[in-house]
Amino acid sequence: MEKKRIRIIVAYDGTNYHGWQLQENGITIEAELNRCLTELLGEEIRVIGASRTDAGVHALGNIAVFDTVNRMPAGKISYALNQRLPEDIRIQKSEEVPSDWHPRHCASRKTYEYRIYRGIFPMPVKRLYSYFVYTPLDVGRMREAAAYLEGEHDFRSFCQTGAQVESTVRMLYSVWVEEQDSDLVIRVCGNGFLYNMVRILAGTLVEVGQGKREPESMAEILAALDRGAAGPTAPAHGLTLIKYEFFGKND
């Protein structure tokens, strides 16, 4: 039977998972998708994800593909799969794509949001989805610092030590700091991200907002090419993958 390739848009609350990628010592988003798709379609399914989010990170629109010989219409798979998945994972859309389409082999933009809750005391309903900061943050200083990060740079200083990558050069199309009532949202759009990159950016911008660093120090941090020059890695639970945008053909 002829195989077809299905693309799914996956939303999840990452609180109870050890990230996206398969792990020997914990449950993951990828493992749950493989398990439920295999049960649903009656064949061994292994999904290929676009972004391997870390433990505790959330997503509104991660992307994955898989091949199947099952005759179930592509658009119906999302409905059937959602009946089997845990309630903290939901497929937003399923569709057939060309057999050679690969989420990591075509030009794309992805957008992350890092959410900070500002208050005197923590807010329990926000504890799983935002980083609580009780010290005052100067939003103007943070926006000034964020502007240094836009464009193409070597982001080695904002990459977790030990990450195995061919290049640490990335393009950030926009880095914006927005106030939403008691929340402060750092929204970052780029062509790709290094390991823990957005969380390190967020941790460094928080230090700028607290007055521990000057906004112009961001240029010095980039030039240092040293993880030790940047600020701390902000907690995972404040981070959400918002969306993927694909353009062009596979490389």
Side-chain angles (χ1 to χ4, degrees), residues 8-35 46-65 85-92 103-104 108-117 126-133 149 155-172 175 183-207 221 227-228 230-245:
I8 54 177
I9 300 176
V10 192
Y12 48 87
D13 178 336
T15 303
N16 296 321
Y17 298 93
H18 290 247
W20 173 277
Q21 195 169 5
L22 292 174
Q23 305 280 339
E24 292 183 2
N25 60 346
I27 189 170
T28 68
I29 305 296
E30 185 177 10
E32 286 299 287
L33 290 172
N34 289 344
R35 178 181 66 83
R46 291 290 178 264
V47 301
I48 301 170
S51 182
R52 298 165 180 166
T53 52
D54 295 335
V57 175
H58 316 292
L60 301 185
N62 205 346
I63 305 293
V65 296
L85 285 166
E87 62 182 2
D88 50 7
I89 305 175
R90 282 293 179 268
I91 309 305
Q92 302 301 299
R104 299 181 204 151
S108 65
R109 278 192 294 263
K110 57 182 174 180
T111 301
Y112 278 97
E113 284 187 357
Y114 194 89
R115 188 168 292 270
I116 297 165
Y117 173 66
K126 292 178 178 286
R127 75 190 190 283
L128 302 179
Y129 311 105
S130 59
Y131 172 33
F132 170 62
V133 176
L149 300 170
F155 284 95
R156 191 176 310 175
S157 294
F158 294 94
C159 178
Q160 190 64 44
T161 304
Q164 301 296 314
V165 290
E166 293 182 3
S167 172
T168 49
V169 175
R170 297 291 186 273
M171 168 67 80
L172 294 188
V175 185
D183 286 354
L184 193 63
V185 179
I186 300 170
R187 184 180 299 107
V188 186
C189 177
N191 67 351
F193 295 91
L194 302 166
Y195 183 44
N196 282 350
M197 179 174 162
V198 179
R199 291 167 58 191
I200 298 170
L201 290 176
T204 307
L205 288 172
V206 166
E207 288 196 335
I221 295 170
R227 171 64 186 92
T233 304
H237 59 265
L239 185 62
T240 300
L241 172 58
I242 300 298
K243 64 179 177 180
Y244 255 95
E245 299 169 277

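Computation of the quantities below employed the complete heavy-atom set of this structure, encompassing side-chain atoms and omitting hydrogens, waters and symmetry-equivalent molecules.
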Give a yes or no answer on whether the side chain of [X] reaches the backbone of [Y] with a donor-acceptor pair at less than 3.5 Å.
X	Y	answer
Tyr114	Pro235	yes
Tyr117	Lys126	no
Asn34	Val47	yes
His237	Ser130	yes
Ser157	Ala230	no
Glu30	Leu22	yes

N/O donor-acceptor pairs under 3.5 Å from side chains in residues 190-198, not counting sequence neighbours:
| residue | atom | partner | partner atom | Å |
| --- | --- | --- | --- | --- |
| Asn191 | OD1 | Met171 | N | 3.0 |
| Asn196 | OD1 | Arg199 | NH1 | 3.2 |
| Asn196 | ND2 | Gln160 | OE1 | 3.2 |

To the nearest 0.5 Å, tell me how far [X] [atom1] sits from [Y] [atom2].
X	Y	atom1	atom2	value
Ile29	Asn62	CD1	CG	9.0 Å
Asp13	Asp88	CG	CG	5.5 Å
Thr53	Leu241	OG1	CG	7.0 Å
Arg156	Ser167	CZ	OG	8.5 Å

Minimum side-chain heavy-atom gap [X]-[Y] below 4.5 Å:
X	Y	result
Leu85	Leu33	yes
Leu60	Lys243	no
Val10	Ile91	yes
Val188	Thr111	no
Tyr131	Leu239	no

Stepwise side-chain contact (heavy atoms from CB on, under 4.5 Å) check, Tyr129 with His58: CA-CA 8 Å; Tyr129 311 105; His58 316 292; 3.3 Å; yes

Aromatic plane relationship, Tyr12 with Trp20 - under 30° parallel, 30 to 60° tilted, over 60° perpendicular: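 The arrangement is tilted - the two ring planes meet at 30° to 60°.
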
Write down the atom of [X], the atom of [Y], and the distance for their closest heavy-atom approach.
X	Y	result
Ser51	Tyr112	OG-OH, 3.1 Å
Gly203	Ala234	N-CB, 4.0 Å
Gly26	His18	CA-CD2, 3.7 Å

Stepwise side chain to side chain donor-acceptor pair (under 3.5 Å) check, Thr28 with Arg52: CA-CA 10 Å; Thr28 68; Arg52 298 165 180 166; over 6 Å; no

Working for side-chain contact (heavy atoms from CB on, under 4.5 Å), residues Leu201 and Leu172: CA-CA 12 Å; Leu201 290 176; Leu172 294 188; 4.2 Å; yes

Distance-only side-chain donor-acceptor flag, Arg227 / Thr233, under 3.5 Å: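 There is such a pair (donor and acceptor under 3.5 Å, judged by atom type) between the side chains of Arg227 and Thr233.
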
Full working for side-chain contact (heavy atoms from CB on, under 4.5 Å) between Thr168 and Phe158: CA-CA 9 Å; Thr168 49; Phe158 294 94; over 6 Å; no

